[in-house]
> 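Handing you this structure, nothing more for now.
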Amino acid sequence: MAGNYRFEMDQEDIVRSLITSVGSFIQDRLIDKEQRTSHKEQCAERLAAEDGSSDKDTEVRYSDQAVLANLDWGIDALEEAINTSNIETKMARLDYAEKMLQVCAMLDSSQKTAGVPNFYLSAWAHLNLSYLWKLRNNVNNTVLHILEMFIIDPFFSRIDFAPELWKCLFLPHMSSIVGWYSEERHRIVMDVIPDSSDLSFTMDFDHDFNESLIFSVRPDQAEKMQKLEQLYGQSLDDNTRLYAKYYKDCINYDSATSKKVIPLLPIAEPPMTPLHEVRRSIPDYVKFGPILPKSAGFTPILRVKENAKGESRLNMTSSTSDNQEDSTTWDPVKGIPEEDEEDYEPEPHVHIASNKRNQENRSSYVEGRSKVEQININQKQSPKVFPSMDSPKVESPKTPYSQEPSPKKSDTPSRKGVPVLRLLSGRVKDSSRSNSMHLSQELKINSADSDDERTVQHETVGKRNDRRRSLSQSLEKGSPNNSDEGSLSCISLPLSEKSTAPSRPPKDFVCPITGQIFNDPVTLETGQTYEGKAIQEWIKRGNTTCPITRQSLSAATLPKTNYVLKRLITSWREQHPDLAQEFSYSQTPRSYLNIPSSRERSSESTPSPTFNHPNHRRIEEIVEQRSRRFMRTAVSMSPTSVISQAATEAIINGLKPHVSCLCTSEDLQECEEAILTIAQIWNDSKLESQGVHSYLSAPTIVNGFVEVLSASIKREVLKTTIYILSELLYVDDSIGEILTSVDSDFECLATLLKDGLPEAAVLIYLLRPSFSQLSAHNFVPSLIQIISNRNEDSSDFQFTIGPKEAAVVLLEQIITGGGESDRSFNAMQIISGNGIPALLKCLEHENGRESIVCILLFCIRADKSCRNTVASRIELSPVLELIHTGSDSVKATCIELLYELVLLSRRTLCNQILQIIKDEGAFSTMHTLLVCLQMASMEQKSTIAPLLLQLDLLVEPRKMSIYREESIEALIEALHEKDFPATQLRALDALLSLSGHLTNSGKSFLEARLLKTAGFNQRYNGTIKEEKQRAGENDITNTMEEEEKALSSWENRMAFVLCNHEKGLIFKALEECLTSTSMEIAKYSFIVATWLIHMLYSFPDTGIRDIARKSLLEQFIQMLQSTKNLEEKILAALALRGFISDLGALSELGIYAKCLCRNLRKLKKYSTVVSDIMKTLMNLPCIDDAELWCYSECPEMDVSMNGEVLCLLHIRGRLISSHSDGTIKVWETGKRNPRLIHETREHSKAVTCLYVSSSCNKLYSGSLDRTIRVWAINQEEIHCLQVHDVKEPVLELIANTHFACFASQATGVKVYNWSGVPKHVNFQKYVKCLAIMGDKLYCGCTGYSIQEVDLSTQTSTTFYAGAKKLLGKQNIYSLQVQKNVVFAGGSLVDGISGKVFTLPSKGVIGTLSTGSDIQRLAVNNDLIFSATKSGNIEVWLQERVTKMTCIKMKSGGQSKITSLAVDKDGEMIFAGSIDGKIQVWRLD
């Protein structure tokens, strides 16, 4: 940039340089995915830290959560765009990311969102927007967003977001500010140095100033340093913002069009001008830039900005950024920053704080009474350890720790003399005291007076060989103790040639009382530093002396916190987070359920799938959850525990004889007794001492325990041994390495667990086995037995984790590990082992709830039938509590479980569970679910949204509900995700389940229900039959009516809110899904669309019907015409039946009416709704009936050899004909031409009439031979069952199982009850035809009248009396009764030969004007067929009683039609003639 050059750059050069620098920075970020991920995690941790530090009672607003969610979604969408190679997908994700990120970019920087300052969120959003515009190849916008980031939040931009870019663009302009800062800092530090008057101002200050001087800082000096830091940081921020605005003006300046002057280069002015340059830099550990680790959140910075009144808060801004202050050192002489990493070469040996040149020139060293080691202070790297504030006479020397030792100096010999700095020697007060509690493992003690046992108590676990030797020595010599006072050790300080990471914190960071890292260090007047709470308790007990030096304390109150030391500890904690956590002084309980990380797990272990639902969680999330699950009070020393070391030594002395027996005795009984005694002594002491744990953790002793564990058969001994090992393993993970180093040890524990020792589960759990180890031993039955055991054995020992809790967590690891088949098999083992009730019982306990919820979810998914068991027995309060308090993955699992529980076949039970979910808990479950919905991924939304929607619809839908609106919006949004078909499928599956039509397995049978509504019952009946078999028919029958009522109410509510959301927005989403290339998506969306359309037209019209018609009508028409699937055609017809009530839809349907009618005619036999559609279509003025009903003639069948064709019947694809010679024939009509399949002749004379029972399994025939025969109808033939002699010729016949009614040559009608003599019902008229409806018989008679006979009373009345003519006689020749309508055909009277009557009123509703007598009538669902005397067959539309077409016989009027029949759907017409021929017509 301009600052890198010694001449002034013009505006165009600056712009080009900006584009180059920013473009290179952005390009590097886009290439390095790991850096982007790491940066996001760092920022997220800072947000999490701020959330953890905020007021817990403050409720986070929903809008704030939404803003944070937008930022997260935007970054995720941007990451997807970076990773995808599909251009369309990339552009779509970039557009979505821009919308999300702009929300945060436009926030008011002076406000906060969910406790997070808006300037941080806005700057972060601008950084990601710069990535976005780089992907769009728009370099100007990329640079502008970067500059806007520096303008809005220069502080975090230079330490978090883009530190390397800040150094390139802005740091070269800050030379005057850095020079001023260096001088002011030098002046303040010079005041700290005693006798500084004899020091030259230009002396090599870096090598004479070591850490020990920090402890001489007075509070007023510390306050000056803090103010200097704040002023320095504020000056950097202000000038960064100034130059960012200048660069922005340069980018926006256009010399051709702009009337403004060229932007002028600003000048960075320091708060005051330095008098001269300081030629030596101060070591990094006293640099006073802001050290702000990501775990600190934003509170320190906000407080500094808000509180500028000079309060001393050094601890708030006590650290400098690793990216800014620790990476560069300003050299005022050169005027440019130097990169530290290239020049940094740490010393591998302990030496004083000066380089080689100074060591050769310096001559003013003073030897103290104690040879105290010096600190390795590197000039450009912040040190990891610092000198103690204790008395200088300390036996444990300081060991420097460096992360990357330089190979150049790795062979430098260590110094033989360890001189003491002159400035430090003045602080030596007493050399007679020593503290042996924190000996470093790298040091060698040469003093003869030093005790060898010291290493037994204080060496780390990693030195196992040394521990074995030390253990042997300790068993012979005695307990560890401190050195005699006054004895000095000559300490040599060589380091290993290859530096290793520190295994313990620096001694000076550890309180000698608590043994933990300082949290609130307080330095007494004696120079010793202690934890504030610990020394306060010491003084409260009446002590008036320093615990270490024993010097009297004059001050009655404690001094203030040593902020300098606290800041150094903060810096060290950031560099060694794992070690700091292990030795932290904290009141937070320590989790003892630390599942191994993914890299520690066996490669054979398969992580649990993520849920979504949910379920499908990352293994890292599961590890984090388990690590927080079961809590135990932290093992921390009270102020008296270290002071009372004699008690620890006494315990160890008491244990030694028994430990010696355990390790050396060959007698098993002696070893068993030794273990019992060891446990009793340890338990009775009630002392959690690190020394005792370390003593018992020796490999030799641990191996002794393991040998007894594998050899003993006494239950008490086994339990005690497991207790001891679990306690040791809990404190020291390396014990697990000893126990798992031999495979037989784990085999031993597995055998004990299977043999019924529940405590073995605790030790197995703490050993962190892999899934393959657990599955190899089939632990599931044993673990279920432990969980099911109600009465646990009482024990004197309190395990760190109960056997049940350990069994639950192990069971979770088993059921979530492995492949799909493994998980299913293990889940079925739990179910078959009756583990579900036991797990539900354990859910009442606080520990292990997350694991139990996970197990139950997997069991339900493996066997849907256990859902009802869980739903009826589970206590939902613990699950709801986890939703409120658990982590995101735990919440997802719980929500998945709740969603599964409400997928019940019984609507009433489902509503009860929903009501419990809604009402239970101390917090609003619906509000919590709403927040989860806003923050969830699209996949998880498909689970949360339907659950939240069902909770909202427990009451009648209100006018407005945020829960309902957000839920439906989430489902519709998922339907639009065409690039993610899995998300669409989950949303469609949720919509299917929301209808409420579910089986016992939780699957939707909405399709079968819709088919039943359309009159196609096969699938529905099969589903109900299967459900009855599973649940028990009695249970289904008893609750059917109540369930149907509840289901109908639920279905209406759900369909109503879905249809009316945002004016029918769901129909547009379903329209997109119907065009999907995925067959499954298209099918599910088609079912949902059919359901909603069917329900929509049962509601009052609210203006949604037009939207539904425009979106879906054409889709349904295309489906009806194109699909070959019968069920899909029926569903399309069901939807179209709803549309026919819409005038707008009818006009569109008219365009396709002809094609639709042809398809609908084929569906008439399967669906009852087709007739309604066809009737409506045929009433349209644009429809020509003749075109719709066009019949083609089929080949004629000549059966004249059998005489006249007297009667025809069509039934189930079969045509039955009777002839004048007494023959009855059966024809197959499935193909185009009928085929004769059976012929019989058992009547001796002509068969005049045929009749089929309503069940279609019996045929009745009447003949002139005065008999009535009953026939059984089979698939290929008929055979005679009964013969009844009625003594009279039978001319017309109607019969059923109770009686037969026939007409003979006499007047009236005969009623025959299949036994005895027929009863004569005489009404003085000859009967020409018969028809029956219920218990009423209708007789067409001479005189053009119709008589009605009541068969129950066998009395007759006149139904219709015709007019008498002078010429000829008029008769009714044919009657048909259907749907309370009587169709009559007969002689032509006044141009009318047929009439249509309605039964209730007996009135005429239509007439048939044929121009000729009607000899025969046939009727189906829609049409009337009349055979006239002239030999024509006329087709009439039944709805309007209008003639559509006329069909002529081949013989014309020369052949009389004696019989007429049609199939049920009117597709085939059969006519028999007097000349013995059968004519067939088929509908085109």
Side-chain angles (χ1 to χ4, degrees), residues 15-16 18-44 46-47 66-109 113 116 118-154 156-158 160-166 168-169 244 247-248 251-252 935 937-938 973 976-980:
V15 171
R16 282 194 295 270
L18 274 172
I19 292 175
T20 301
S21 301
V22 174
S24 177
F25 165 76
I26 298 297
Q27 189 65 33
D28 291 343
R29 284 288 179 92
L30 292 178
I31 293 174
D32 194 346
K33 182 177 181 180
E34 292 184 1
Q35 186 179 13
R36 293 196 309 274
T37 303
S38 175
H39 177 257
K40 181 180 177 182
E41 291 175 355
Q42 173 186 347
C43 296
R46 196 180 294 286
L47 295 179
V67 170
L68 296 179
N70 287 335
L71 178 60
D72 189 42
W73 294 336
I75 295 175
D76 289 344
L78 179 61
E79 192 66 31
E80 292 173 7
I82 295 173
N83 296 329
T84 186
S85 57
N86 186 288
I87 299 300
E88 293 183 1
T89 303
K90 182 189 290 290
M91 292 298 102
R93 301 315 293 162
L94 288 177
D95 292 340
Y96 179 76
E98 183 179 10
K99 293 179 182 178
M100 296 295 101
L101 293 173
Q102 285 290 358
V103 174
C104 292
M106 294 186 294
L107 292 174
D108 184 357
S109 59
T113 300
V116 179
N118 285 351
F119 58 75
Y120 187 85
L121 298 176
S122 182
W124 194 2
H126 278 292
L127 176 63
N128 285 278
L129 285 169
S130 69
Y131 299 161
L132 184 146
W133 286 105
K134 180 66 175 177
L135 292 173
R136 291 176 172 173
N137 295 322
N138 191 321
V139 291
N140 275 3
N141 281 353
T142 300
V143 176
L144 287 174
H145 279 291
I146 284 291
L147 296 176
E148 193 65 30
M149 174 188 71
F150 281 109
I151 293 172
I152 292 175
D153 186 6
F156 284 106
S157 296
R158 62 186 173 89
D160 270 6
F161 300 136
E164 58 269 45
L165 189 59
W166 183 85
C168 176
L169 299 181
Y247 291 147
K248 185 176 179 181
I251 291 291
N252 293 327
M935 305 300 291
S937 63
M938 190 58 67
E973 184 181 358
H976 285 296
E977 293 288 336
K978 59 183 179 180
D979 294 331
F980 303 95

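Throughout, residue positions are numbered sequentially from 1 according to the sequence presented. This one's a predicted model, so the numbers in the text were calculated from it and none came from an experiment.
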> Can you name the side-chain contact (heavy atoms from CB on, under 4.5 Å) partners of Ser24, sequence neighbours left out?
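Ser24 satisfies side-chain contact (heavy atoms from CB on, under 4.5 Å) with Asp28 only.
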> With under 30° as parallel and over 60° as perpendicular, where do the rings of Phe119 and Phe156 fit, or are they tilted in between?
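Ring orientation, 0 to 90° scale: parallel.
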> For the CH2 atom of Trp133 and the CG atom of Leu144, what is their distance to the nearest 0.5 Å?
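These two atoms lie 10.5 Å from each other.
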> Just to verify, what does Asp32 make a side-chain contact (heavy atoms from CB on, under 4.5 Å) with, not counting sequence neighbours?
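Partners of Asp32 under the side-chain contact (heavy atoms from CB on, under 4.5 Å) test: Glu34, Gln35.
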> Checking Leu135 against Leu78 for the side chain to side chain contact (heavy atoms under 4.5 Å, CB included) test, could you report, in this order, the C-alpha distance in whole Å, the side-chain angles of both residues, the deciding distance, and whether it holds?
CA-CA 10 Å; Leu135 292 173; Leu78 179 61; 3.9 Å; yes
> Output every pair passing salt bridge (charged side-chain N to carboxylate O under 4.0 Å, His left out) with a member in residues 66-88, not counting sequence neighbours, ordered by first then second residue.
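Output for this query lists Arg36-Glu79, Lys40-Asp72, Lys40-Asp76, Glu80-Arg93.
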> I need the Tyr131 OH to Ile75 CD1 distance, nearest 0.5 Å.
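It is 9.5 Å, given to the nearest 0.5 Å.
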> Taking salt bridge (charged side-chain N to carboxylate O under 4.0 Å, His left out) as the cut-off, I'd like each qualifying pair that reaches into residues 133-144, sequence neighbours left out, listed once.
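Qualifying pairs: Asp95-Arg136, Glu98-Arg136.
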> Please evaluate residues Ile146 and Ile26 with respect to the criterion side chain to side chain contact (heavy atoms under 4.5 Å, CB included), reporting the C-alpha separation (whole Å), side-chain torsions for both, the decisive distance (0.1 Å), and the verdict.
CA-CA 10 Å; Ile146 284 291; Ile26 298 297; 4.0 Å; yes
> So, using side chain to side chain donor-acceptor pair (under 3.5 Å) as the criterion, who are the partners of Asn137 when residues are at least two apart?
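For Asn137 there are no side chain to side chain donor-acceptor pair (under 3.5 Å) partners, ignoring immediate neighbours.
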> To the closest 0.5 Å, what do you measure between SG (Cys104) and OH (Tyr120)?
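If I round to the nearest 0.5 Å, the distance is 12.5 Å.
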> Mind checking what makes side chain to side chain donor-acceptor pair (under 3.5 Å) contact with Thr84, not counting sequence neighbours?
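With neighbours one apart ignored, the set is empty.
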> Which distance, rounded to the nearest 0.5 Å, do you find between the CD1 of Ile19 and the CZ of Arg16?
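It is 9.0 Å, given to the nearest 0.5 Å.
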> Between CG of Leu18 and CG of Leu147, what distance do you get to the nearest 0.5 Å?
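One gets 6.0 Å once the value is rounded to the nearest 0.5 Å.
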> Determine whether Lys90 and Leu94 satisfy the following criterion, side chain to side chain contact (heavy atoms under 4.5 Å, CB included), listing intermediate values before the conclusion.
CA-CA 6 Å; Lys90 182 189 290 290; Leu94 288 177; 4.1 Å; yes
> Taking only residues two or more places apart in sequence or in another chain, which ones pass salt bridge (Lys or Arg N to Asp or Glu O under 4.0 Å) with Lys248?
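In terms of salt bridge (Lys or Arg N to Asp or Glu O under 4.0 Å), with neighbours along the sequence ignored, Lys248 is linked to Glu148.
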> Tell me every residue that passes side-chain contact (heavy atoms from CB on, under 4.5 Å) with Ser38, counting only those two or more places apart in sequence or in another chain.
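side-chain contact (heavy atoms from CB on, under 4.5 Å) list for Ser38, sorted by chain: empty.
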> Quick one: does Asn118's side chain have a donor or acceptor within less than 3.5 Å of a partner on Thr113's backbone?
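Present.
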> For residues 122-130, tabulate all N or O donor-acceptor pairs below 3.5 Å that involve a side-chain atom, not counting sequence neighbours.
from	atom 1	to	atom 2	distance (Å)
Ser122	OG	Ala105	O	3.0
His126	ND1	His145	ND1	3.0
Asn128	ND2	Trp124	O	2.9
Ser130	OG	Leu127	O	2.4

> Taking side-chain contact (heavy atoms from CB on, under 4.5 Å) as the definition, give me every residue that meets it alongside Ala162, ordered by chain and number, with sequence neighbours left out.
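Residues passing side-chain contact (heavy atoms from CB on, under 4.5 Å) with Ala162: Phe25, Met149, Phe150, Leu165.
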> Test salt bridge (charged side-chain N to carboxylate O under 4.0 Å, His left out) on Glu164 and Arg29; report intermediate values, then the result.
CA-CA 11 Å; Glu164 58 269 45; Arg29 284 288 179 92; 3.7 Å; yes
> Looking only at non-hydrogen atoms, find the nearest pair between Tyr96 and Ala77 and report the distance.
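Shortest heavy-atom contact: CD2-CB, 3.6 Å.
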> Check whether more than 12 heavy atoms from other residues, nucleotides or ligands sit under 6.0 Å from atom NZ of Lys978, and answer yes or no.
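Open.
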> Out of curiosity, Ser109 OG to Leu121 CG, how far, rounded to the nearest 0.5 Å?
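Rounded to the nearest 0.5 Å, the OG-CG separation comes to 11.0 Å.
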